[in-house]
**Student:** 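Let me begin by handing over the structure; questions about it come next.
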Amino acid sequence: MKQIKVLAQFYVDLLVKLGIVRFSLLLALALVALAVVVQVGITLVLQGEVHDIDIVRSVFFGLLITPWAVYFLSVVVDQLEDSRQRLSKLVTKLEEMRSRDMQLNKQLQDNITQLNLEIEEREKAEEARQVAMQDLENEVYQRENAQLELAEQSALLKSFLDASPDLIYYRNEKGQFSGCNRAMEELTDRTEKQLVGLTPWDVYSEEVASKIAETDQQVFNQSVSLTYEQWLEYPDGRKAIFELRKVPFYSRDGRRLGLMGFGRDITERKQYQDAQEKASRDKTAFISTISHELRTPLNGIVGLSRMLLETRLNKEQRGYMRTIHVSAITLGNIFNDIIDMDKSDRRRLELLSKPLDLEEFVVEMENISGLMAEQKGLRFDLERLTDLPRCIEVDSTRLRQVLWNLVSNATKFTKEGGVVLSVSSEILEQQAEITFEVEDSGIGIPDTELDKIFAMYYQVKEGSDNLHAVGTGIGLAVSRQLVQMMGGDITVSSEVGEGSTFTVTIRTPLIEKAEEEEVMPVLPQVSLNIFMVEDIELNITVAKALLESLGHEVTIAMRGDEALEKFDPEAYDLVLLDIQLPDMSGFDIARILREKYDYLPALVALTANVIKDKAEYLEKGMDDALSKPLSVKAITEVIQRLVLTCPIDEDEEMDDQLPEQEVNGLSEDMVNQLLDLEMLISYVEIVGTKPVYDSITMFEEKMPEYIEILDSNMTAKDKDGIKFEAHKIKGAAGAIGLKHIQQVAQKAQSPELPAWWENINDWVDEIKDGYQNDLNVLKGWLATQERSS
């Protein structure tokens, strides 16, 4: 079989090699030859001999069938060859496919192996993941517990920090806040979130921020803790002094992160220290007063007693006895002054006016003054420059105290020469104006000290030669208060080395003086549109009620920028401008309005200060100036003169007399010292008592806040803050007629006054301790007005 395949393959290869034509010819010849051989062979076997015809017949038969056989075989072979070639190609392709399949199979096996490995690894990874998840769950659980515990601890710590009244904060290296407690939030008026990222320059004033930045830098540069004191201001204006401690803090690796700050409010401690200092000063002044002021009358009593022992009781001795009596009275008055010094400081001195024989009073002063001068070897003269009235009504004890102080000072500051007491009088209708002049030839007072000598506790700066003349600085201050209560004043003129002259002028009623009543005129009613700029609510309430009760319409602005925005010159007939506003002054508003408009209604300044000269107000753009609180008389005069251009006739001036009556057990004079009765009478007659009671309620609500802030400024020794709060109190008190509180607040808001700092504590105490009493007097007065109506 194998040989047949080989022969068949040889046949096919030969056909392919020779081509079908040559192969056919060759095959035909082969077949013919085969036919001849077969024929010959068969014939020989059958017949034993071969004839030519047999060969021809064989050739012919071979030639006859050969073409067909050759063609058939050629076609078959050709087809077979084609099939073979196709089959070969298919086999080749199959081989290639098989090879590729083998490769793919191998690759698949490799992949399966790899996949099995990956599956095993994934199974291991899954097992590891399950273990890790379990570990992670355990860790998360532990972390959650730790975070909850930490959150609880943080909340507890935050609660502790917020509950602390001390300031607690921390800042980073850049000086930015990173956190704080609630006390710090209250101080800065910012929440912790708002505060984070800000620097001290964004939170405090420039002065405070500068100090904080400086101390921060010291902590950073030296890496040490620092403790110091600093005043800080709350959003409501209240100031407090804090003992601040700053310490650097670090991370675990020792890297510095910033600083922590702690602040403890020591304002009460400071106030206590200030109170102790004041008490010590008052005690010193008290002891000094006793030891110094009582020395002269005691010496007088001792000297006269000795003289009496050496003489008989004749007329001269009676004079000495009288002088002893007067000295004893004077000594008693000094004791009373010492006991009532607190009242004197708080303006609670009362005048008990009684009839006085002026001639006898002058003789008494001559006796004691002559004795005082004689003890120092000085000359004393009494000069009556005019005839004196026989009887006047005055508090003789207080007048004697004033003159004794002046004469005592004159003899004390005079080494040689003498002292002259001059007395004169002038009759003015039913009053007498009495003038006392005490002139000495002593050391004199420098011009720079003349305006200061009447301040409480103020002492003229003495040289070494005059140490014997040093006093407490109380006598002249109290003397001026007493004289001013009598309706007069004390003035002084002096020349250094030549002497001084003190002039006391008082105005007292004569005994025969008759009281006359005046009737409130009926003023013409006119309705005006008034534009008022005022920043204190109580002043607004009082002034608006008064103006509206007079028939006027009032528009209010509480700030300068608001006033400039609202103002329309065509809409208003009168403009009332408060001088001190939060953002600008009334003068600034007047200047801007005059620059902006060609026509303006009358511009009238409102001021809580005492107006002595209106020239300054007129020069700065005002048409007039009024003192607060407004009075019917004053505002009516301004309206008549500036708006209606119709001056009020002198016979139609407002009545400023108070009917004789007592309020809360106080005399009429005392009530008049505490309350602005002129304003209150006109106000009550126009609007009634209810608006006044409403204003009193508002005042009582505001005063604790004012006093709290004033106390903080006092402890901080912040003059500007004291001035600002005192100004608010003055305006509020004036708005409801508390004249006494208004006057004290006026002094408290005036740092330019001599010995202001020495007296400010007393003035503030007087406001704090006295305003409620004055309110009670005001309420009592209102009650009497209601009963009388």
Side-chain angles (χ1 to χ4, degrees), residues 161-162 164-249 257-274 580 582-584 705-728 748-749 751 757 760 764:
L161 295 180
D162 287 341
S164 172
D166 296 340
L167 305 179
I168 302 175
Y169 59 90
Y170 44 99
R171 289 196 288 270
N172 58 25
E173 288 278 312
K174 297 180 181 179
Q176 298 171 330
F177 284 95
S178 300
C180 67
N181 68 340
R182 186 171 299 166
M184 193 68 182
E185 292 178 341
E186 294 175 355
L187 174 68
T188 60
D189 198 24
R190 289 178 172 88
T191 64
E192 184 177 18
K193 291 183 178 180
Q194 293 173 334
L195 199 60
V196 170
L198 300 180
T199 67
W201 299 97
D202 303 320
V203 178
Y204 304 107
S205 65
E206 182 177 354
E207 180 181 358
V208 173
S210 176
K211 178 66 174 178
I212 291 176
E214 178 185 348
T215 53
D216 284 357
Q217 200 60 41
Q218 292 180 19
V219 173
F220 289 146
N221 291 342
Q222 303 174 13
S223 293
V224 295
S225 60
L226 179 66
T227 302
Y228 68 101
E229 295 178 1
Q230 183 161 0
W231 284 96
L232 300 175
E233 184 173 352
Y234 283 89
D236 61 0
R238 177 170 53 90
K239 291 181 175 63
I241 185 170
F242 287 87
E243 184 179 68
L244 298 178
R245 180 171 178 80
K246 298 179 179 179
V247 296
F249 71 95
L257 301 177
L259 64 80
M260 293 192 67
F262 307 89
R264 172 156 295 179
D265 188 344
I266 58 173
T267 307
E268 291 187 3
R269 187 199 305 172
K270 282 291 184 182
Q271 291 173 340
Y272 178 72
Q273 291 174 351
D274 291 345
Q580 293 187 359
D583 55 343
M584 63 179 69
E705 177 184 347
Y706 292 158
I707 289 175
E708 181 181 4
I709 298 176
L710 182 60
D711 279 341
S712 68
N713 286 309
M714 283 291 297
T715 307
K717 294 182 172 56
D718 182 357
K719 288 188 177 181
D720 292 336
I722 295 171
K723 177 181 177 182
F724 182 73
E725 289 303 319
H727 175 74
K728 290 165 63 176
Q749 74 154 42
W757 192 250
I760 186 61
V764 171

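No experiment lies behind these values; they were computed from the predicted model shown.
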**Student:** How would you list, by chain and number, every residue that makes a side-chain hydrogen bond (donor to acceptor under 3.5 Å, both in side chains) with Ser205, sequence neighbours excluded?
**Tutor:** none
**Student:** On a heavy-atom basis, which atom in Leu195 and which in Cys180 lie closest, and how many Å separate them?
**Tutor:** CD2-SG, 3.6 Å
**Student:** Is the number of heavy atoms from other residues, nucleotides or ligands within 6.0 Å of CZ (Phe724) greater than 12?
**Tutor:** no
**Student:** Holding to side chain to side chain contact (heavy atoms under 4.5 Å, CB included), I want the full list of residues that pass it with Glu268, two or more places apart in sequence or in another chain.
**Tutor:** Gln271
**Student:** Is any side-chain heavy atom of Ile722 closer than 4.5 Å to a side-chain heavy atom of Leu710?
**Tutor:** yes
**Student:** Not counting sequence neighbours, which residues clear salt bridge (charged side-chain N to carboxylate O under 4.0 Å, His left out) with Asp202? List them please.
**Tutor:** none
**Student:** Using every non-hydrogen atom in the two residues, find where Thr267 and Ile241 come nearest and quote the distance to one decimal.
**Tutor:** OG1-N, 3.0 Å
**Student:** Nearest 0.5 Å, what's the CG-CD distance between Leu198 and Gln176?
**Tutor:** 8.5 Å
**Student:** Nearest 0.5 Å, please: how far is OG in Ser225 from CG in Leu259?
**Tutor:** 11.5 Å
**Student:** Which residue pairs pass the salt bridge (Lys or Arg N to Asp or Glu O under 4.0 Å) test with at least one member in residues 177-191, sequence neighbours excluded?
**Tutor:** Asp162-Arg182
**Student:** Who pairs with Gln217 by side-chain hydrogen bond (donor to acceptor under 3.5 Å, both in side chains), at least two apart in sequence or on another chain?
**Tutor:** Asn221
**Student:** Quick check: closest heavy atoms across Leu244 and Gly263, and the distance to 0.1 Å?
**Tutor:** CD2-CA, 3.5 Å
**Student:** Do Asn181 side-chain atoms and Asp166 backbone N/O form a donor-acceptor pair below 3.5 Å?
**Tutor:** yes
**Student:** Ignoring hydrogens and geometry, is there a side-chain-to-backbone donor-acceptor pair from Ser712 to Ile709 under 3.5 Å?
**Tutor:** yes
**Student:** Between Leu226 and Val219, which heavy-atom pair has the shortest distance, and what is it?
**Tutor:** CB-CG2, 3.9 Å
**Student:** Which heavy atom in Pro248 sits nearest to a heavy atom in Val224, and how many Å separate them?
**Tutor:** CD-O, 3.7 Å
**Student:** Excluding sequence neighbours, so at least two apart, what forms side-chain hydrogen bond (donor to acceptor under 3.5 Å, both in side chains) with Asp216?
**Tutor:** Arg171, Lys246
**Student:** Taking only residues two or more places apart in sequence or in another chain, which ones pass salt bridge (charged side-chain N to carboxylate O under 4.0 Å, His left out) with Asp711?
**Tutor:** Lys768
**Student:** Under 3.5 Å, which donor-acceptor pairs do the side chains of residues 229-237 form with other protein atoms, sequence neighbours left out?
**Tutor:**
unit_1	atom_1	unit_2	atom_2	d
Glu229	OE1	Lys270	NZ	3.4
Gln230	OE1	Tyr228	OH	3.1
Gln230	NE2	Val208	O	3.3
Asp236	OD1	Arg238	N	3.0

**Student:** Output the distance between atom CD (Gln194) and atom CD (Glu192), rounded to the nearest 0.5 Å.
**Tutor:** 11.0 Å
**Student:** Lys719: what forms a salt bridge (charged side-chain N to carboxylate O under 4.0 Å, His left out) with it, not counting sequence neighbours?
**Tutor:** none
**Student:** What residues, two or more places apart in sequence or in another chain, satisfy side chain to side chain contact (heavy atoms under 4.5 Å, CB included) together with Phe262?
**Tutor:** Ile168, Val247, Met260
**Student:** Under the side chain to side chain contact (heavy atoms under 4.5 Å, CB included) test, which residues partner Ala209, sequence neighbours left out?
**Tutor:** Pro200, Trp201, Tyr204
**Student:** Which residues pass the salt bridge (charged side-chain N to carboxylate O under 4.0 Å, His left out) test with Arg269, sequence neighbours left out?
**Tutor:** none
**Student:** Are the side chains of Thr715 and Lys239 in contact, using a 4.5 Å heavy-atom criterion?
**Tutor:** no
**Student:** Would you say Phe177 and Thr188 make side-chain contact, with heavy atoms under 4.5 Å?
**Tutor:** no
